Structures are given as C-alpha cells and as structure tokens.
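Working notes, structure below.
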Protein chains: 2
Amino acid sequence: MGITIKDVAKRADTSITTVSRLMNKSGYVSKEAKKRIDKAIKDLDYKPNVMAQGLINKSLSMKTVGILIPDMQNLFYPAILTGLEDELERHGYSIFLCITNRGQDMEKKYIDTLLGKNVDAIIFAAACARENSADYLVELSEKVPALLINDYIIGSDICSVMADEVGGAYKAVTYLLGLGHTKIGFINGNADRTTYRQKQEGYEKALAVNEIKPNNKYLMRETPNEQGGYKGAKKFLALSDPPTAIFAASDQMAIGVIRAVLEVGYSIPEDFSLIGFSNIPLAAEVYPQLTTIDQFPYKTGKLVGEMVMKMINKEDLTQRRILIEPKLLIRKTCRELK
Amino acid sequence: MGITIKDVAKRADTSITTVSRLMNKSGYVSKEAKKRIDKAIKDLDYKPNVMAQGLINKSLSMKTVGILIPDMQNLFYPAILTGLEDELERHGYSIFLCITNRGQDMEKKYIDTLLGKNVDAIIFAAACARENSADYLVELSEKVPALLINDYIIGSDICSVMADEVGGAYKAVTYLLGLGHTKIGFINGNADRTTYRQKQEGYEKALAVNEIKPNNKYLMRETPNEQGGYKGAKKFLALSDPPTAIFAASDQMAIGVIRAVLEVGYSIPEDFSLIGFSNIPLAAEVYPQLTTIDQFPYKTGKLVGEMVMKMINKEDLTQRRILIEPKLLIRKTCRELK
DNA sequence: ACTTTCTATGGAAACGTTATCTTATTCTCA
DNA sequence: TGAGAATAAGATAACGTTTCCATAGAAAGT
C-alpha cells in the first residue's frame with residue numbers, strides 16, 4: 001500500500017539508515033548516495049509516515065496546535081481564529097478546532113483527545129478555563145505549552161493574551177458619561193467568566209470616578225448573545241425610569257439591543273445611546289453602525305499565534321502575559337444627551 | 001513521561017495482550033482481570049498512544065478530517081462547522097481548520113499539508129473547488145475521501161452535500177412575485193462560483209414562469225458580504241426606477257442592504273421588501289428580522305459529518321450527492337406591494 | 001472417559017521510523 | 001608513516017500498539 005523507507009532504500013540500493021540520515025540531515029551521506037536516494041524518493045513519491053516518526057521521537061512535532069472554543073456562534077471567535085490561522089499557517093502549523101459548548105466534561109475530553117494526537121500546544125479561548133478547572137489547567141501547562149485567550153488563572157504564570165477589559169469597559173462608560181448620560185444600563189454576561197467580571201469592574205470604576213452610585217436596576221445579566229441583549233433591553237424599556245444609554249458587554253448583545261429598541265419604534269442614537277464591546281467585523285455593517293470598544297480580535301489571534309510559536313520553539317518570552325489596550329471606536333450609536 | 005499499556009499491565013498484574021484485548025473488546029477477558037485493568041487504567045490515567053495505534057493499523061488514521069473554508073467572515077461557515085464538529089466529535093474525530101481566502105495556490109498548499117498529516121478525509125466548502133482545480137480534485141478524491149459542500153464537479157461522482165440553490169432562489173423570487181413585486185433587484189455574488197450561478201438560474205426561472213423579462217439594471221454582482229450588499233443596494237437606490245423588492249444572495253449581503261436602505265431614511269418592509277439566503281443564526285436577530293431562504297447550515301454540517309464518517313468507514317453510501325431542500329422562512333422584511 | 005469447543009491468558013512478531021553502535025574507508029598533519 | 005579525525009554506511013534496538021500463535025483449564029457433547 002504505502003511506500004516505506006524500506007522501499008526507498010531498496011530502490012536506491014542502500015540501507016534504511018542512510019535514507020533516514022538524508023531525510024533528517026543528520027550524519028554523513030555521500031553525494032552519489034544522495035543522488036540515488038533523492039531519485040528513488042521522487043520516483044516512488046515517498047512520504048515519511050508521520051505516525052512512525054511521532055512514535056519514535058515523542059518530541060517530534062506534529063506541527064499542530066489545538067484550540068478550544070466555547071461557541072462558534074460568538075463571532076469573536078471566528079475573528080480570533082482568522083488571525084491565529086493567518087499566523088500559524090506561515091509556520092506550517094495546523095489548527096485542531098474543538099467546540100466545547102456542550103458542557104464541562106467536554107473540555108477534559110477534548111484535552112485528552114488533543115494530547116493523544118500529540119499537539120504541540122493547546123489554546124484556551126475565554127470561558128474555557130472555568131474556576132473548577134484551574135488546577136487541572138496549571139497541571140496541564142506543565143506537560144504541553146498552554147495559552148489562554150482573554151482569561152487568566154490567579155496565582156499561576158500560564159501564558160495569556162488578553163484585552164484590558166477593565167480598561168475597555170471603563171472607556172466605554174466614561175465616553176457615555178462624557179456625553180452627559182448618567183443613567184447607563186449595562187447588559188453583562190454571567191459573572192463566573194473572567195471577561196464579564198472585569199467589564200463589571202470597569203463599569204463600576206467609571207461610575208465611581210464620576211461619583212455615580214451603581215443602580216441595580218440598570219444592571220442586567222444575560223446570555224452573551226443577541227437574544228441576551230434583546231431580553232436585557234426589553235427589561236430596560238419596561239422600566240419607569242429607563243436608562244438613556246446602554247452598554248452591552250458584547251457587540252452581539254448590542255445587536256440584540258438594536259432590535260429591541262427599533263422594534264418598539266424608538267431610534268438609536270436619538271432615543272438611546274448604545275455602545276458594544278469587541279468590534280467584531282459585523283459591528284461596522286449593521287444599522288446603525290455600532291459604536292464599540294475595539295478589542296482587536298484579529299490582532300489578538302495573530303498575537304496568540306506569535307506567542308504560541310515562541311513557546312513551541314522554546315524561545316524566550318519577553319512577557320508571559322500580553323495585554324491589549326482596547327480603543328474606543330466611535331460610529332453612530334451614541335450621541336450627546338440634551 | 002507517558003503512561004503506556006505496559007505500565008497498566010504491570011499494575012493490573014496481567015499481560016499487555018490482555019489489556020489490549022480489553023481496550024478493543026476483542027477476545028476474552030475474565031471479570032476479575034477486567035476489574036483490575038479498569039482500575040489500573042483509571043489510577044494511572046492511561047491514554048492509548050494514537051501514533052502507535054496508527055502505525056500498526058496501517059489505516060494510518062489520525063482520526064482527523066481537514067476542512068477547507070474560504071473565509072471565516074462568511075457566517076455560513078461557522079454554522080456549518082458547528083454541525084460538522086458536533087457530528088465528528090461523537091466519533092472521536094477532530095477537525096483541521098484551513099482558511100484559504102488568501103489566493104489560489106493556498107488551496108493546493110493546504111491539501112499537501114493535510115495529506116502529509118495523514119487526514120482521513122478532506123472537505124471542501126463551497127468556492128474552494130474552482131473551475132481550474134476540478135481535475136486536481138478528482139485526482140485527489142481517488143487518494144483520500146473527499147467531499148464537497150455546496151458545490152459539485154460536473155462529470156465526476158465526487159460526494160457532496162448541497163442545497164438546491166436553484167430551487168431556493170426560485171422560492172425566494174416566487175414569494176416576492178406572489179406579493180405583487182415585479183421589479184425585483186438581485187444582488188448576486190461572482191458568477192465563477194457554483195452557488196451564485198445556481199441562484200441566478202433560480203432567479204431567472206422564477207421570472208420566466210411569471211413572464212417577466214430579466215432586466216440587467218436589476219442585477220448587481222458584488223462581493224458576497226455586507227459591504228457588497230450595501231453597495232448593491234446603494235446602486236439600486238440611485239436608479240430612477242428602483243426595484244420594490246431586493247433578493248440578496250446571502251444573509252450577510254441582506255444585512256448590508258438593510259443598512260443602505262435605513263441609512264437614507266427608508267423603511268423595510270414598508271418601502272422595500274428584502275429577502276436573504278441561508279438563514280445564518282444572525283438572520284433572526286437583526287432588525288428587522290430577516291425573511292430568508294433556510295438552507296439549514298447546521299444540518300448541512302451534520303450531514304457532511306455523517307457522510308464523511310461513512311466514507312471513512314467504507315460503508316455503502318445510499319447516495320453520493322445529498323440535496324437539501326431549502327425552505328422559505330418568513331420573518332419581517334417582506335410585505336405585499338400595494 | 002475422550003475428544004471438541006469455549007474461555008482465558010501470555011509471548012512474540014509486526015508496523016515504519018530514528019537513534020545508537022559498530023565497522024570500514026579516506027583524509028589530515030605532525 | 002602512523003595516529004587520529006573525518007566521512008560513509010549498515011545492523012540492530014527501541015517506540016507503544018495490535019495481531020497471530022501457542023497453551024491450558026473448564027465446560028460440553030458423544
């Protein structure tokens with residue numbers, strides 16, 4: 001069936017050792033032998049068996065990294081993936097895609113699968129590293145290069161690339177405040193994820209700096225997708241004293257907010273100001289074009305790729321945690337409060 | 001470092017052979033031995049080495065399939081990927097993700113990489129199989145199971161899962177026609193891709209049945225994303241006699257249309273009816289909720305997964321081409337023309 | 001009671017590669 | 001003109017599995 005190194009050796013009238021030596025450029029091979037072997041390889045279209053290579057030399061790279069992503073419906077991840085793939089492809093590395101949204105145990109199962117397939121590194125996208133798996137992750141990171149996106153584990157030095165979400169949320173709310181809004185509704189995600197806890201922190205900090213007391217009725221916790229945004233906005237709209245501006249914890253939530261608001265006949269930004277978070281590619285394309293906090297998802301993916309390559313090649317990391325400074329991106333969903 | 005079957009055998013006080021037998025449920029193993037081995041496996045957290053397994057089972061299976069996707073910004077693909085991953089994961093298979101949008105040669109390069117990594121099958125998402133690579137694909141499909149999503153190669157029997165796009169487009173336009181629209185603008189993608197050629201065919205067929213001559217000024221060719229939709233709609237809007245309804249070749253184009261129309265102060269569906277194509281998850285979440293042709297992207301991915309598993313396991317395929325019947329999904333962007 | 005068949009087990013060969021040893025020839029330079 | 005490098009190449013032992021073969025006691029059929 002398959003052409004083996006044995007066939008090549010026989011055809012080139014030499015030993016498998018010599019062929020192997022040539023393939024790996026280890027040790028001496030004469031010019032004549034090289035010529036014969038090269039020809040045989042070409043003639044037979046010989047491709048070394050990766051399994052056998054991986055078996056003998058456990059350190060031999062499959063040139064593959066695995067990435068765990070909670071949910072492809074969250075458009076932050078396709079954007080990350082694009083950046084990551086761009087970078088890894090340059091180095092000849094491939095990506096194993098794992099979607100973990102089907103519960104806790106899935107995560108461990110995927111990690112086992114990846115480990116069994118000898119990946120060179122494992123990347124965890126935000127929300128994959130839950131509280132209860134922190135210890136496991138630390139342990140894992142000793143076996144194989146591991147990297148977190150938009151998350152970190154307290155008290156460990158696991159590598160990560162993350163946006164300064166506290167700062168980002170702070171910028172968003174401060175911008176709204178600067179436009180004269182004081183009743184700022186915040187539709188956040190579940191507090192057990194680092195990203196949402198941090199946004200909360202930034203939100204509260206910005207209010208505190210402006211001496212505004214956070215009001216519980218202006219805080220909603222919803223699933224971090226369009227439906228969550230829609231639901232949260234509906235609740236705000238039902239309030240006797242609704243907020244004049246809404247900060248959504250993700251662009252997709254903001255898109256849900258847009259629908260909720262426009263459906264009942266209000267306008268954005270005339271009646272409500274709205275700001276999202278992340279700057280997924282879609283944010284610039286919906287109506288009205290979404291003012292948001294640019295978290296540079298593509299760049300994040302790219303940086304993750306660079307970092308993971310350094311880890312694989314055991315190069316020195318100048319920093320084990322890269323913090324991306326998010327930027328306010330003003331489009332068309334906010335306006336000054338009269 | 002790694003726990004091997006040898007360690008398990010030693011700890012369970014039995015032979016390698018017996019452990020292997022238990023793992024593969026081949027041959028006899030006594031209740032007592034099973035108990036001891038199970039415990040040892042658990043205690044040691046033993047994971048069989050895929051390399052060694054792959055080496056001996058000359059199938060060389062890495063339990064991996066590669067998928068080539070032109071562009072992660074096209075939200076049809078994340079949806080497909082979700083369905084595909086759901087199905088493959090059940091069988092313990094992983095996905096190599098390749099994004100090919102960086103030009104022609106990329107495709108071949110990726111295929112070589114995948115082949116070198118011993119994938120069990122290769123899946124091509126629409127638009128990866130260009131005219132000029134048809135021969136190459138046919139040749140490839142003899143070496144490794146290959147499957148096309150939403151595309152096919154004329155005169156070959158390469159497996160594929162595709163929506164009946166002619167029928168889908170026909171339904172869309174017929175629906176618009178039924179609402180009384182006769183001036184139907186069509187924003188299509190590039191004709192060198194099968195999907196767009198077929199939509200064109202359905203569009204023309206529906207017009208023909210209703211004895212309407214296709215009018216070139218109502219046909220735009222744009223890039224198949226929001227910006228393309230936006231541009232196309234702008235051009236329609238600039239016409240002295242603009243269409244009353246717009247059929248966008250993808251939901252994302254339709255989202256661009258929404259922005260173009262709403263930005264200049266018109267309403268949907270009051271001033272323009274709009275229908276999209278695919279029913280990406282987002283379609284139900286934008287304002288106004290998009291009437292579209294449901295192409296069942298998740299189900300497509302799932303079916304692709306099932307089919308590819310059958311191909312890998314060399315099971316009989318009841319059909320080499322699965323045709324998905326798209327369905328009109330009425331939401332809120334179309335209304336009757338007065 | 002004596003062959004079959006079933007149950008249960010372990011030894012050893014094989015898979016395709018690389019690494020370690022060993023051997024043999026040819027240079028190099030005191 | 002030797003002694004030690006440098007060059008060249010092969011035999012063989014790993015790597016961790018599965019599969020084939022051999023063995024043997026127990027159950028079952030005659």
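Bear in mind that the values here come from a model prediction, so they are computed numbers and not experimental data. Computed from heavy atoms alone, side chains included, the values below leave out hydrogens, waters and symmetry copies. Chain identifiers are assigned alphabetically (A, B, ...) following the order of the sequence lines, protein sequences preceding nucleic acid strands; residue numbering begins at 1 within each chain.
- Here the side chain of A:T18 is nearest to one of D:dA9, C:dG16, C:dC15, namely D:dA9.
- Whole-Å rounding puts the B:L55 CG to C:dT18 P distance at 12 Å.
- Note on A:S20: every side-chain N or O is 4.0 Å or more away from OP1 and OP2 of C:dT17.
- To the nearest angstrom, P of D:dA8 lies 12 Å from CG of A:L22.
- Rounded to an integer number of Å, the gap from A:I56 CD1 to D:dT12 P is 16 Å.
- With distances taken from any side-chain atom of B:A52 to the nucleotides D:dT17, C:dT17, D:dA9, the minimum falls on D:dT17.
- Using a cut-off of 4.0 Å between Lys/Arg side-chain N and Asp/Glu carboxylate O, A:D43 and A:R11 are scored as salt-bridged.
- Remark: P of D:dT17 and CD1 of B:I3 are 10 Å apart, rounded to the nearest angstrom.
- With the nearest nucleotide of DNA chain D identified for both A:Y28 and A:R21, A:Y28 has the one nearer the 5' end.
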- Mind running salt bridge (charged side-chain N to carboxylate O under 4.0 Å, His left out) on B:K302 and B:D86 for me, showing each step along the way? CA-CA 7 Å; B:K302 200 98 175 145; B:D86 265 11; 5.0 Å; no

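- The side chain of A:N24 places an N or O atom within less than 4.0 Å of a non-bridging phosphate oxygen (OP1 or OP2) of C:dT18.
- The distance from atom NZ of B:K6 to atom P of D:dT18 is 15 Å, rounded to the nearest whole Å.
- Checking A:A33 against B:Y46, the closest nucleotide of DNA chain D that is more toward the 5' end is the one next to A:A33.
- Across all strands shown, A:T17 has heavy atoms under 4.0 Å from base atoms, whether or not it also approaches the sugar-phosphate.
- One finds no side-chain N or O of A:Q53 lying less than 4.0 angstrom from the OP1 or OP2 phosphate oxygen of C:dG16.
- Going from atom CG of A:D13 over to atom P of D:dA8 covers 17 Å, rounded to whole Å.
- At least one side-chain nitrogen or oxygen of A:S15 sits closer than 4.0 Å to the OP1 or OP2 atom of D:dG10.
- Straight-line distance from the CG atom of A:N49 to the C1' atom of D:dT17: 13 Å, rounded to whole Å.
- Counting any heavy atom pair closer than 4.0 Å across all strands shown, B:T14 reaches sugar-phosphate atoms only and no base atom.
- If you take NZ of A:K31 and P of D:dA9, they are 12 Å apart, rounded to a whole angstrom.
- When each of C:dT9, C:dG16, D:dG16 is scored by its nearest atom to the side-chain atoms of B:V29, the top-ranked nucleotide is C:dT9.
- Looking at A:T194 and A:D151, their side chains do bring a donor and an acceptor atom within 3.5 Å of each other.
- The A:I16 side chain lies nearest to C:dT18 when the options are C:dT18, D:dT17, C:dG16.
- Between B:V304 and B:I80, every side-chain heavy-atom pair lies at or beyond the 4.5 Å cut-off.
- A:Y77 places none of its side-chain heavy atoms less than 4.5 Å from the side chain of B:M72.
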